[in-house]
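Here's the structure, in structure tokens; my notes come after.
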4 protein chains.
Amino acid sequence: MPKSSQKKTEPCTGNKAPGRPRCPEAHEKILKSAYEMLLEVGFNDLTIEGIAARAGVGKPTIYRRWSNKARLVIDAFLAETSPELSFPDTGKVKEDIRLQMYRLVNLMNSPRGQVIATIIGGGQADSEVIDAFLSNWLFPRREDCSKVIKKGMEREEIRTDVDIESVIDALYSPLFYRLLLKHGLLTEEFVDEIISIVMSGLDKS
Amino acid sequence: MPKSSQKKTEPCTGNKAPGRPRCPEAHEKILKSAYEMLLEVGFNDLTIEGIAARAGVGKPTIYRRWSNKARLVIDAFLAETSPELSFPDTGKVKEDIRLQMYRLVNLMNSPRGQVIATIIGGGQADSEVIDAFLSNWLFPRREDCSKVIKKGMEREEIRTDVDIESVIDALYSPLFYRLLLKHGLLTEEFVDEIISIVMSGLDKS
Amino acid sequence: MPKSSQKKTEPCTGNKAPGRPRCPEAHEKILKSAYEMLLEVGFNDLTIEGIAARAGVGKPTIYRRWSNKARLVIDAFLAETSPELSFPDTGKVKEDIRLQMYRLVNLMNSPRGQVIATIIGGGQADSEVIDAFLSNWLFPRREDCSKVIKKGMEREEIRTDVDIESVIDALYSPLFYRLLLKHGLLTEEFVDEIISIVMSGLDKS
Amino acid sequence: MPKSSQKKTEPCTGNKAPGRPRCPEAHEKILKSAYEMLLEVGFNDLTIEGIAARAGVGKPTIYRRWSNKARLVIDAFLAETSPELSFPDTGKVKEDIRLQMYRLVNLMNSPRGQVIATIIGGGQADSEVIDAFLSNWLFPRREDCSKVIKKGMEREEIRTDVDIESVIDALYSPLFYRLLLKHGLLTEEFVDEIISIVMSGLDKS
DNA sequence: ACCTAAGCGAGACGGTACGTCAGGTCTTTCG
DNA sequence: CGAAAGACCTGACGTACCGTCTCGCTTAGGT
């Protein structure tokens with residue numbers, strides 16, 4: 001977890017906090033401003049100065065809580081995207097995955113899809129951003145997916161002699177590929193096509 | 001003003017540009033400097049000022065030719081990566097693709113792989129960069145790949161009822177995915193795994 | 001005389017001029033543009049580039065004729081202000097001077113007064129400008145004034161034991177002073193006052 | 001002014017400005033550098049970049065305090081030239097003025113005279129410079145002079161039916177005239193001559 | 001009737017300085 | 001005593017002109 005949580009919780013375990021307490025309103029205003037600007041201008045054109053101005057706080061107030069733009073963005077954006085990408089449970093693995101991929105495609109086609117793209121883009125210059133994206137966003141979803149696939153293996157719907165990580169890569173990477181390179185549309189038909197290609201070789205049959 | 005009008009229009013109705021032509025040596029020096037600095041410091045820490053200084057040219061000479069850093073990088077980097085990614089011709093489609101994917105993985109693991117990553121990353125804030133990456137780099141290679149797959153279809157090595165574009169996406173996107181997200185290694189084993197998953201469903205059998 | 005005249009006349013004194021002669025229309029267009037822009041933006045904000053653009057000529061065409069902005073301005077402005085500042089001949093020295101000073105005040109209150117001010121101002125950074133202003137503009141008028149004063153001395157209207165140069169300075173410097181420092185209005189009443197102060201001590205009485 | 005007002009007023013219901021105070025050393029270093037460079041290269045060739053470099057500060061630190069070169073020069077030069085131009089008190093008005101004019105001529109012949117000239121020159125393109133020169137430099141000295149003349153009038157040394165402003169102009173403008181146009185030397189003899197011309201008509205006799 | 005030298009408009013050249021922006025740090029005052 | 005505010009220095013931005021230098025041409029006198 002980023003430093004902000006630690007700093008906030010540690011002194012509070014003792015029942016007195018020395019010095020002036022951090023203004024909780026500032027915290028919220030900063031996150032709100034950062035999130036809004038992220039949607040408006042993307043990760044690269046996001047500036048600490050701009051966030052500070054919009055939130056009506058000083059720059060050090062931001063730097064004190066988040067050591068850099070990446071960590072702030074993580075708190076502002078990544079830490080709260082969960083529920084809409086959950087997996088359904090239809091009883092059939094391929095359908096569970098298909099429906100969740102539909103949801104992901106839907107998200108990618110929304111403004112927030114562009115935010116994800118700019119975060120991954122910005123992360124190419126800052127490994128911390130990528131690391132945070134992985135641990136706060138991607139890995140939880142991959143873990144969910146992994147569970148679904150394992151369930152399918154247990155049900156003997158799909159082969160068990162494949163590397164699950166690679167399967168997940170094969171399924172999801174085309175979506176990110178098109179999100180980032182924009183050489184083709186992100187449609188449900190494309191999802192169907194990818195599932196067809198990837199899963200047809202995994203059928204237990 | 002009989003003279004000036006004549007002078008201005010007459011020669012320009014002809015075929016050439018008026019004024020001093022742009023110095024081709026400056027062009028080369030700039031591209032060379034940009035390419036070297038790209039490898040040394042990456043896309044984000046690249047500065048026009050630094051390139052100008054290293055190339056021994058003035059900043060306006062750069063801005064006169066490329067409107068921003070992105071376009072310069074495209075010319076500096078993308079215009080010369082071709083030959084090492086050609087497809088072999090072993091007679092077996094799957095092997096042709098496998099070997100070329102090995103080459104791509106090899107490239108991605110070199111410093112130039114990081115340059116590609118930063119270009120795609122930078123492109124998230126500038127669609128022109130992505131467009132240039134597509135037309136100057138990606139599409140030519142996809143076209144090559146497409147030909148190989150079609151050849152395989154003619155030879156009846158693989159099924160003909162699939163969308164070639166989606167197949168290419170399924171094959172290559174995992175490599176870019178790992179290049180950009182760094183959640184897994186880009187190894188030849190990973191290539192084998194992807195080919196196994198994707199191609200096993202495409203076998204004409 | 002500025003270099004342009006020399007260049008133009010010298011080869012012509014020799015009976016051969018090799019090469020294409022300089023286009024006289026360009027000369028006129030440049031001077032006209034320079035004069036207009038001088039009125040519009042003043043000496044300091046005058047740019048060779050702007051003059052060239054307005055005149056529809058190339059920069060080298062200007063630099064070929066005038067080595068710097070100062071020399072161009074001299075030709076564009078100073079070489080043609082003469083007639084309106086001539087001295088009348090009323091028979092009374094004090095009146096001749098008074099009327100001519102009225103004319104000068106009138107000129108100084110026109111846009112061209114500001115041009116003179118910016119030329120003197122710009123000349124503080126370029127002694128050539130001042131020198132040209134002196135020889136092309138100021139000295140001819142001082143010479144005229146000197147003749148008028150000498151005539152007054154001969155007529156025994158004024159004392160002969162004073163330094164004429166100092167008298168001219170005493171008479172005219174207040175006008176330039178107010179032109180440049182703008183701490184007081186340049187009116188005919190002010191002229192009267194100065195003449196009263198300076199000439200009252202010079203009366204032959 | 002969204003941020004500053006809100007934030008500034010809320011916690012600062014107290015009396016002082018929040019934030020780090022402006023470094024007074026930087027202030028001094030900038031003024032010192034500007035003054036030195038003014039002596040070396042004059043107003044026109046003075047650059048903010050050069051001042052910043054010599055003072056060892058960043059350009060924004062200068063721009064934060066002075067909106068343009070003119071205002072900086074005013075502070076750097078004009079705000080501190082007073083004492084050497086004070087009037088003596090010999091008991092005789094003409095002598096008081098003569099001695100002070102000697103001092104002014106002496107100043108004008110020093111490097112600082114050239115600085116004054118370039119400031120007046122530069123002021124022709126920027127009325128703020130002239131205004132500042134008037135209020136910070138010229139008017140205080142004119143006021144001193146005015147007092148001396150009035151004293152002379154009370155003592156019945158000189159006539160009382162003349163406009164004091166015009167007298168001051170008549171006395172001092174020749175010095176500035178020669179300072180700026182350089183058509184004659186600024187000597188004590190010249191001062192004597194001017195005083196002779198101007199004051200001879202003012203004698204109470 | 002050709003040379004050939006100098007002119008032409010156009011515009012790129014290497015530079016310098018501009019005034020701005022954002023970065024990340026430091027210092028004061030206030031709660 | 002630490003949070004908040006804002007000035008600090010740095011460094012790069014992209015622009016405007018500088019004065020010079022090719023370009024491909026035109027012009028006209030001297031061979």
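Each chain gets a letter, A, B and so on, in the order its sequence line appears, and its residues count up from 1.
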Tell me: [atom1] of [X] to [atom2] of [N], nearest whole Å?
X: D/His27; N: F/dA7; atom1: NE2; atom2: P; answer: 14 Å
X: B/Phe43; N: F/dA12; atom1: CZ; atom2: C1'; answer: 15 Å
X: B/Asn44; N: F/dC13; atom1: CG; atom2: P; answer: 12 Å
X: C/Asp126; N: F/dC18; atom1: CG; atom2: C1'; answer: 15 Å
X: D/Met37; N: E/dT16; atom1: CE; atom2: C1'; answer: 13 Å
X: C/Arg65; N: E/dA6; atom1: CZ; atom2: P; answer: 15 Å
X: B/Arg71; N: F/dG14; atom1: CZ; atom2: C1'; answer: 15 Å
X: D/Arg22; N: E/dT29; atom1: CZ; atom2: P; answer: 16 Å

query = Does the side chain of B/Gln124 reach to within under 4.5 Å of the side chain of B/Ile130, using non-hydrogen atoms?
reply =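 Yes, at least one pair of side-chain atoms sits under 4.5 Å.
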key: Pairwise side-chain contact, D/Val41 with D/Thr47, heavy-atom cut-off 4.5 Å (strictly under)   =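 Not in contact.
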Once you round to the nearest 0.5 Å, how far does [atom1] of [X] lie from [atom2] of [Y]?
X: C/Ile48; Y: C/Thr61; atom1: CD1; atom2: OG1; answer: 12.0 Å
X: B/Thr118; Y: B/Gln114; atom1: OG1; atom2: CD; answer: 7.5 Å
X: D/Leu38; Y: D/Leu31; atom1: CG; atom2: CG; answer: 11.5 Å

ask   = Is the shortest side-chain N to carboxylate O distance from A/Arg54 to A/Glu49 below 4.0 Å?
value =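 Salt bridge between A/Arg54 and A/Glu49, a charged N being under 4.0 Å from a carboxylate O: no.
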query = Can C/Lys32 and C/Glu36 be counted as an ion pair, charged N to O under 4.0 angstrom?
reply =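 Here C/Lys32 pairs with C/Glu36 in a salt bridge, since their nearest N and O are under 4.0 Å apart.
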message = At under 4.0 Å between heavy atoms, how does the protein contact nucleotides 19-25 of chain E? Give one character per nucleotide, 5' to 3', with B, S or -.
response = BBBBBBB
ask   = Are A/His27 and A/Arg65 linked by a side-chain donor-acceptor pair shorter than 3.5 Å?
value =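 Indeed, the side chains of A/His27 and A/Arg65 share at least one donor-acceptor pair under 3.5 Å.
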query = Is any side-chain nitrogen or oxygen of B/Thr61 closer than 4.0 Å to OP1 or OP2 of E/dA12?
reply =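 No.
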key: C/Ile74 to C/Ala132 - nearest heavy-atom pair and separation   =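 Looks like CD1-CB, 2.6 Å.
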key: From F/dA4, E/dT28, F/dC23, nucleotide with atom closest to D/Pro21 side chain   =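 So the side chain of D/Pro21 is nearest to E/dT28.
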message = Output the pairing pattern of DNA chain E as a dot-bracket string, 5' first, Watson-Crick or G-U wobble with both distances under 3.5 Å, | for cross-strand pairs, [ ] for crossing pairs.
response = |||||||||||||||||||||||||||||||
B/Cys23 vs C/Ala52, nearer the 5' end of DNA chain E by closest nucleotide =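 Here C/Ala52 is the residue nearer the 5' end.
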